[in-house]
Amino acid sequence: MPHTLPRALAFAGLAGSLFLSAACSGGSDSSPTTTTSAGSGAVHVLLDTAAGSDAFVQGQVVAVTLEPTTGGSTPNLLDAPVEFTLTDPLGSAAGLVLREVASGSFAAVRLVIAPGSTSATYPNGARYPVTMPAELRITFDEPLAHDASGESWVVAGHYGAAPPAGATAAFSWQPMLRAFADEVGVARSSLDVVLVESGGLTVTDAAQREGRLWLTFEASSAFYDAAGNRYPDAAAFVAATTTGTQVDCKGRLSRTGTLRLDEIRQAPVTGNTRARLIGRITQIDVGAEVFWMDVFAEARRGESQTFLPLPSRARVDAANAELERPNDRYLAFNELQVGNLAKVEWHSRQPNQNGIEDVVAREVEVAPASGVGMRPEWQGRVDAVDLTLRTITVVRRDRPLVVNGQVQSSIVVHVPTGLAIERRADRGGGRSMIGLDGVLPGQDRIWIRGRVTAASEVEANRLRVRVD
């Protein structure tokens with residue numbers, strides 16, 4: 001069975017992908033639907049919607065401005081209001097495109113939300129109003145140096161309290177958002193190849209108004225065809241890739257639009273423009289590898305989820321589908337459970353007289369019961385290193401250290417054996433990989449990605465340091 005075929009995350013990506021692994025299918029589900037090119041000067045804002053909640057929270061963004069480091073604010077940079085996803089249990093990336101942004105250094109982006117437009121939709125189809133501030137500020141850990149002759153890419157994520165799980169009434173929520181430092185793990189899907197070279201690909205991202213990305217081949221990059229078979233090397237992949245091919249990928253995205261590939265896969269040709277059905281599994285036939293689901297939303301490439309007035313029913317044949325978690329862990333069919341939230345990319349759909357659609361699945365992504373957890377990044381100053389316990393004590397530098405919405409005076413970072421630490425040069429773009437013994441207490445600034453293990457403790461999965 002092909003349930004263990006490797007495939008790219010879709011953010012999940014961003015990030016675990018966003019990792020922003022990111023790690024989920026579907027690209028920027030909340031981008032504007034126009035295909036007009038973003039063009040030079042565009043700033044692409046990607047939000048990792050993973051927040052540790054089973055709620056889809058959406059609101060109408062009516063204006064977006066950038067905050068220069070010198071103070072003040074730009075004019076509104078959004079062409080038209082857009083329905084924007086703030087949280088998604090599956091962690092799919094949401095995107096905004098700001099066009100014709102003048103060159104400058106920016107400290108934050110501000111989103112203006114239409115009053116009364118925000119709601120939370122839960123996997124049982126229930127929807128409740130959400131009271132939120134009229135303006136959300138996404139702070140930048142490092143200023144964005146934008147050049148109007150090119151395009152910039154910014155990846156942000158949640159770091160505060162999540163919306164309530166399984167709410168039963170209207171509620172108030174205060175999102176806390178932060179833009180990550182340069183080179184963030186992301187996943188993107190359905191990218192259109194416009195130039196093939198021996199060292200990489202130039203692609204456009206339809207979900208970001210044809211925003212351009214440069215996918216660079218790395219020594220560790222893995223290459224797959226549409227069926228999940230691995231190519232022996234980059235040359236074989238290039239020989240089988242032409243202009244017009246679509247690819248899914250995950251890697252490390254810089255603010256200038258260069259994505260250093262961890263994995264790339266030629267996207268399969270399907271007849272549905274990569275549409276996905278979203279719903280709750282209600283019944284399972286393990287022997288036939290079939291499940292039934294209440295469908296309450298549909299997501300198409302580059303569009304917001306369309307929530308249905310009432311859940312519809314679907315019978316999903318998953319015998320030849322790939323099954324996975326948003327964290328890129330592949331599942332066997334017998335791991336599915338009634339109550340799981342699932343996103344189904346289909347080969348075919350056929351209405352039935354009994355009102356239940358027959359769906360043949362290509363991919364099934366299954367969320368944890370509480371939704372994909374936040375994938376925050378912390379940055380601070382190295383205070384101490386314990387080589388025996390393999391820990392780094394980090395204290396505040398210029399911003400609070402916030403863990404699960406609570407400010408901490410310090411955090412303890414546990415460093416797994418074998419985890420390489422990236423050291424950046426204090427000037428220029430030089431980098432090298434070091435061990436824990438190369439981290440300098442009292443001198444280094446540190447960036448941490450990982451998972452929270454206690455109120456003030458984190459297990460790292462990526463570390464970067466630089467002499468401050």
S.K.: Report yes or no: does Arg424 contribute a side-chain atom to a donor-acceptor pair with the main-chain N or O of Val467 at less than 3.5 Å?
M.R.: no

S.K.: Is there a donor-acceptor pair under 3.5 Å between the side chain of Thr245 and the backbone N or O of Thr241?
M.R.: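 Here the side-chain-to-backbone pair does not exist.
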
S.K.: Would you indicate whether the side-chain heavy atoms of Leu387 and Asp437 approach each other to under 4.5 Å?
M.R.: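 Side chain of Asp437 against side chain of Leu387, heavy atoms only: contact under 4.5 Å found.
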
S.K.: Closer than 3.5 angstrom, by distance alone: can the side chain of Thr74 be matched with the main-chain N or O of Leu66 as a donor-acceptor pair?
M.R.: yes

S.K.: Do the numbers put Arg178 on top of the ring of Tyr159, so that NZ or CZ is under 6.0 Å from the six-membered ring centre and no more than 45° off the axis?
M.R.: yes

S.K.: Between Thr49 and Ser92, is there a donor-acceptor pair closer than 3.5 Å when you use the side chain of the first and the backbone of the second?
M.R.: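 At least one qualifying donor-acceptor pair exists.
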
S.K.: Report the C-alpha distance between Thr216 and Glu218 in whole Å, list the side-chain angles of each, state the deciding distance to 0.1 Å, and finish with yes or no for side-chain hydrogen bond (donor to acceptor under 3.5 Å, both in side chains).
M.R.: CA-CA 6 Å; Thr216 62; Glu218 306 292 313; 3.0 Å; yes

S.K.: Assess, by modelled atom type and distance only, whether the side chains of Gln58 and Thr85 contain a donor and an acceptor separated by less than 3.5 Å.
M.R.: yes

S.K.: When you check the gap from the basic side-chain N to the acidic O, do Glu335 and Arg325 get nearer than 4.0 Å?
M.R.: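 Between Arg325 and Glu335 there is no salt bridge, as every charged N stays at least 4.0 Å from the carboxylate O atoms.
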
S.K.: Without swapping roles, check the side chain of Thr87 against the backbone of Val57 for a donor-acceptor pair under 3.5 Å.
M.R.: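 Here the side-chain-to-backbone pair exists.
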
S.K.: Within the distance-only criterion (no hydrogens, no angle test), does the side chain of Arg276 pair as donor or acceptor with the backbone N or O of Glu345 below 3.5 angstrom?
M.R.: no

S.K.: Side chains of Leu341 and Phe296, heavy atoms from C-beta outward: is any pair under 4.5 Å?
M.R.: yes

S.K.: Should the ring pair Phe223 and Phe217 be called parallel, tilted or perpendicular, given that the plane angle runs from 0 to 90° and is split at 30 and 60?
M.R.: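 If you compare the ring of Phe223 with that of Phe217, the planes turn out perpendicular.
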
S.K.: Can you see whether Glu263 engages Ser221 through a side-chain donor-acceptor pair at a distance of less than 3.5 angstrom?
M.R.: no

S.K.: For side chain to side chain contact (heavy atoms under 4.5 Å, CB included), just list the numbers for Trp153 and Leu46, CA-CA rounded to whole Å, side-chain angles, deciding distance to a tenth of an Å, and then say yes or no.
M.R.: CA-CA 8 Å; Trp153 293 75; Leu46 301 178; 4.1 Å; yes

S.K.: Flag the pair Phe180 / Phe140 as yes when their ring centroid distance falls below 6.0 Å, and as no otherwise.
M.R.: no

S.K.: Could you check His44, Arg212, Arg99 and say which one makes a side chain to side chain donor-acceptor pair (under 3.5 Å) with Glu151?
M.R.: His44

S.K.: Can Thr69 and Leu144 be said to form a side chain to side chain contact (heavy atoms under 4.5 Å, CB included), step by step?
M.R.: CA-CA 9 Å; Thr69 52; Leu144 169 66; over 6 Å; no

S.K.: Do the charged groups of Asp48 and Arg375 touch, with an N to O distance under 4.0 Å?
M.R.: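 Judged by the 4.0 Å cut-off on N to carboxylate O distance, Asp48 and Arg375 do form a salt bridge.
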
S.K.: What heavy-atom pair brings Gly91 and Val372 nearest, and what distance separates the two atoms?
M.R.: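 Between these two residues, the closest heavy atoms are N-CG2, 4.2 Å.
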
S.K.: Which distance, rounded to the nearest 0.5 Å, do you find between the CD of Glu322 and the CD of Glu363?
M.R.: 5.0 Å

S.K.: Under the salt bridge (charged side-chain N to carboxylate O under 4.0 Å, His left out) rule, what do Arg462 and Glu422 come out as? Steps first, then yes or no, please.
M.R.: CA-CA 8 Å; Arg462 187 181 179 199; Glu422 181 180 306; 3.6 Å; yes

S.K.: Has the side chain of Asp444 got a donor or acceptor atom that lies under 3.5 Å from a matching backbone atom of Ile446?
M.R.: no

S.K.: Can you check whether Ile284 reaches Trp292 side chain to side chain, under 4.5 Å on heavy atoms?
M.R.: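 Not touching, per the 4.5 Å side-chain cut-off.
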
S.K.: Does a donor on one side chain and an acceptor on the other come within less than 3.5 Å for Gln266 and Asp225?
M.R.: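 No, because no side-chain N or O of Gln266 sits under 3.5 Å from a partner of the opposite role on Asp225.
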
S.K.: Within the structure provided, determine whether Ile448 and Val394 are in side-chain contact (heavy-atom separation under 4.5 Å).
M.R.: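 Result yes, sub-4.5 Å side-chain heavy-atom pair found.
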
S.K.: Output yes when a side-chain donor or acceptor of Asn340 lies under 3.5 Å from a complementary backbone atom of Ile281, and no otherwise.
M.R.: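 The answer is no, because no donor-acceptor pair under 3.5 Å joins these two groups.
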
S.K.: Any Lys/Arg nitrogen of Glu67 or Arg110 sitting under 4.0 Å from an Asp/Glu carboxylate oxygen of the other?
M.R.: yes

S.K.: Using side chain to side chain donor-acceptor pair (under 3.5 Å) as the criterion, point out the one residue from Glu457, Glu459, Arg451 that pairs with His414.
M.R.: Glu457

S.K.: Step by step, work out the side chain to side chain contact (heavy atoms under 4.5 Å, CB included) result for Arg423 and Met433.
M.R.: CA-CA 6 Å; Arg423 174 170 290 286; Met433 304 310 290; over 6 Å; no

S.K.: Distance to the ring centre below 6.0 angstrom and angle to the axis at most 45 degrees; does that hold for Arg464 and Trp447?
M.R.: yes

S.K.: Search all heavy atoms of Ala162 against all heavy atoms of Met374 and return the closest pair with its distance.
M.R.: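 Between these two residues, the closest heavy atoms are N-CE, 3.8 Å.
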
S.K.: Indicate yes or no: at least one non-hydrogen side-chain atom of Leu259 is less than 4.5 angstrom from one of Val186.
M.R.: yes

S.K.: Got a sec: does the CD of Glu100 have more than 12 other heavy atoms crowding it under 6.0 Å?
M.R.: no

S.K.: Inspect the contact between Asp468 and Arg381 and indicate whether a charged nitrogen and a carboxylate oxygen are less than 4.0 angstrom apart.
M.R.: yes

S.K.: Report yes or no: does Asp317 contribute a side-chain atom to a donor-acceptor pair with the main-chain N or O of Ala319 at less than 3.5 Å?
M.R.: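 Looks like yes, one N/O pair under 3.5 Å.
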
S.K.: Quick check: closest heavy atoms across Ala227 and Arg265, and the distance to 0.1 Å?
M.R.: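 Scanning both residues completely, I find the closest heavy atoms to be C-NH2, 3.9 Å.
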
S.K.: Would you say the side chains of His146 and Ser152 form a donor-acceptor pair under 3.5 Å?
M.R.: yes

S.K.: Go through Val316 and Trp346 one step at a time and tell me if the side chain to side chain contact (heavy atoms under 4.5 Å, CB included) criterion holds.
M.R.: CA-CA 9 Å; Val316 180; Trp346 45 267; over 6 Å; no

